[in-house]
There are 2 protein chains.
Amino acid sequence: MSSKRILTDRESALPALAEAFREHGFEGASLASLSKATGLGKGSLYNFFPGGKEEMMEAVLENIDGWFAKAIFAPLEHGPDPAAAVTAMFDDVTAYFRSGQRVCVVGCLGLNAAGETFSGKVKAYFARWISSLAHCLEVGKVPPGLALELAEEAVSGIQGAIVLARALGDEASFQRIVHRLRSSLLDAIDRHG
Amino acid sequence: MSSKRILTDRESALPALAEAFREHGFEGASLASLSKATGLGKGSLYNFFPGGKEEMMEAVLENIDGWFAKAIFAPLEHGPDPAAAVTAMFDDVTAYFRSGQRVCVVGCLGLNAAGETFSGKVKAYFARWISSLAHCLEVGKVPPGLALELAEEAVSGIQGAIVLARALGDEASFQRIVHRLRSSLLDAIDRHG
DNA sequence: AAAGCCTTGTACCGATCAGTACAATGTTGT
DNA sequence: ACAACATTGTACTGATCGGTACAAGGCTTT
């Protein structure tokens with residue numbers, strides 16, 4: 001049973017780690033703060049993540065990617081109703097980012113030099129998001145070229161909404177922007193479907 | 001003349017400081033790296049910026065704000081031709097952010113806890129950008145409510161384009177997104193003017 | 001030249017950084 | 001109960017952090 005226990009405890013520390021990285025960034029999150037956030041001592045942290053901060057962030061990224069794959073990408077790629085999948089995506093994303101009060105760890109990693117180590121995963125995350133959304137739009141009869149552009153615009157728009165809402169401290173602006181993005185995609189599906 | 005020299009040297013260090021903060025973030029930029037970036041020793045830096053890193057960032061923010069006020073906000077607020085002002089804004093912004101290869105210092109500050117000290121200036125920067133763009137659209141006969149929404153969407157969209165382009169390492173995606181945003185604003189002016 | 005101020009490099013401060021070592025304490029399997 | 005192993009807290013490392021002190025040098029003004 002021991003191998004299972006290890007995985008469980010390691011996994012259960014990820015949400016707290018993610019929250020700490022989210023709020024302070026990769027460089028800004030010290031081991032002391034990570035220890036306090038998780039409730040685990042330094043010894044425990046290095047027991048579960050021998051690679052240190054880098055391995056912790058790697059695990060957090062995989063965890064986030066897993067959540068998105070299940071909750072966002074899969075419905076977009078395999079859902080029967082494109083319009084419903086798009087609507088669900090925006091709802092889930094709004095809840096996940098708490099209307100922009102919660103920052104996108106992946107997006108932030110790409111912004112400064114400290115995150116260059118993870119550039120591969122950052123790139124893959126956004127590429128998959130865009131391609132699965134574009135695929136969904138294509139299922140909704142939107143022409144491939146336009147679908148890709150709209151998907152790119154939507155994913156980019158969500159990231160921008162997070163930046164703006166955080167800067168202004170205003171959840172309403174996030175919701176207005178996301179609402180417009182959703183309408184734009186649904187209109188395209190309506191128009192071509 | 002001495003007072004003029006002080007201002008000059010302090011001012012001339014700002015671009016290098018801005019670049020360092022841009023690349024490493026506020027927390028990630030160490031005094032050693034700031035010293036190397038500016039070519040000034042620690043003694044000189046603290047001579048020009050007695051308040052340390054915080055005062056340096058404050059000066060960088062004021063410098064950025066001054067540049068935007070002159071190059072972006074003023075034409076939007078006082079330019080005679082709204083469509084031309086909007087076009088110029090997107091061109092200048094694309095050049096300034098190097099098609100997303102260069103990060104927005106102000107936007108990044110709002111994202112993590114380290115930048116909370118500057119939240120007032122961050123908020124003011126985005127608020128003014130949105131309001132001056134909205135005013136420009138209103139001059140172009142776009143109804144006030146719609147003008148504000150479109151302005152919000154454009155500013156947010158630019159920030160998102162930076163995040164996405166940096167993450168993907170793809171300048172083309174920045175240009176595609178910004179092109180769409182520009183068309184959206186120009187269409188609105190055409191439609192109502 | 002001499003006095004005064006500006007500028008700069010260097011040495012130093014305590015605090016904190018990421019990471020390691022390891023002994024003490026579980027916990028599990030037999 | 002006992003042995004093997006997983007987990008944890010604590011103490012430590014050298015490096016680097018932001019910031020200070022200050023003396024040496026340069027420039028300007030008289």
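Partners of Gln159(B) under the side chain to side chain donor-acceptor pair (under 3.5 Å) rule, at least two apart in sequence or in another chain, do not exist in this structure. In this structure, Glu138(B) has no salt bridge (charged side-chain N to carboxylate O under 4.0 Å, His left out) partners at least two apart in sequence or on a different chain.
DNA chain D lies under 4.0 Å from no heavy atom of any residue of residues 109-117 of chain A. Within residues 35-45 of chain B, the residues having any heavy atom under 4.0 Å from DNA chain C are, by residue number, Gly41(B), Gly43(B), Ser44(B).
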Distance-only donor-acceptor pairs under 3.5 Å for side chains of residues 55-70 of chain B, two or more places apart:
residue  : atom : partner   : partner atom : Å
Glu55(B) : OE1  : Gly51(B)  : N            : 2.6
Glu55(B) : OE2  : Arg10(B)  : NH1          : 3.1
Glu58(B) : OE2  : Lys121(B) : NZ           : 3.2
Glu62(B) : OE2  : Lys121(B) : NZ           : 2.9

Review item, side-chain donor-acceptor pairs of residues 142-150 of chain B, under 3.5 Å, at least two apart:
residue   : atom : partner   : partner atom : Å
Glu149(B) : OE1  : Arg180(A) : NH1          : 2.8

In residues 181-193 of chain A, what donor-acceptor pairs under 3.5 Å come from side-chain atoms, sequence neighbours left out?
residue   : atom : partner   : partner atom : Å
Arg182(A) : NH2  : His179(A) : ND1          : 2.8
Ser183(A) : OG   : His179(A) : O            : 3.0
His192(A) : ND1  : Ala188(A) : O            : 2.8

Could you go through residues 33-40 of chain A and list every donor-acceptor pair under 3.5 Å that involves a side-chain atom there, pairing it with any protein atom two or more places apart or in another chain?
residue  : atom : partner  : partner atom : Å
Ser33(A) : OG   : Ser30(A) : N            : 3.1
Ser33(A) : OG   : Ser30(A) : O            : 2.8
Ser35(A) : OG   : Leu40(A) : O            : 2.5
Thr38(A) : OG1  : Leu34(A) : O            : 2.8
Thr38(A) : OG1  : Ser35(A) : O            : 3.3
Thr38(A) : OG1  : Leu40(A) : N            : 3.2

Distance-only check: which donor-acceptor pairs under 3.5 Å involve side-chain atoms of residues 96-108 of chain B, not counting sequence neighbours?
residue   : atom : partner   : partner atom : Å
Ser99(B)  : OG   : Gln175(B) : NE2          : 2.9
Arg102(B) : NE   : Glu19(B)  : OE2          : 3.4
Arg102(B) : NH1  : Tyr96(B)  : O            : 2.8
Arg102(B) : NH2  : Glu19(B)  : OE1          : 3.1

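As rounded to whole Å, 20 Å separates atom P of dA15(C) from atom CD of Glu27(B). One interatomic measurement links the two molecules: CG of Asp9(A) to P of dT8(D), which rounds to 6 Å at whole-angstrom precision. Between Asn47(B) atom CG and dC6(C) atom P there is a gap of 9 Å when expressed in whole angstrom units. Atom CG of Leu31(B) and atom P of dT10(C) are 16 Å apart (whole Å).
Side-chain atoms of Tyr46(A) lie closest to dT20(C) of the nucleotides dT20(C), dT7(C), dG18(D).
Trp129(A) and Phe126(A) have parallel rings, their planes meeting at less than 30° on a 0 to 90° scale where 60° marks the start of perpendicular.
Between Ala32(A) and Pro50(A), the residue whose closest nucleotide on DNA chain C is further toward the 5' end is Ala32(A).
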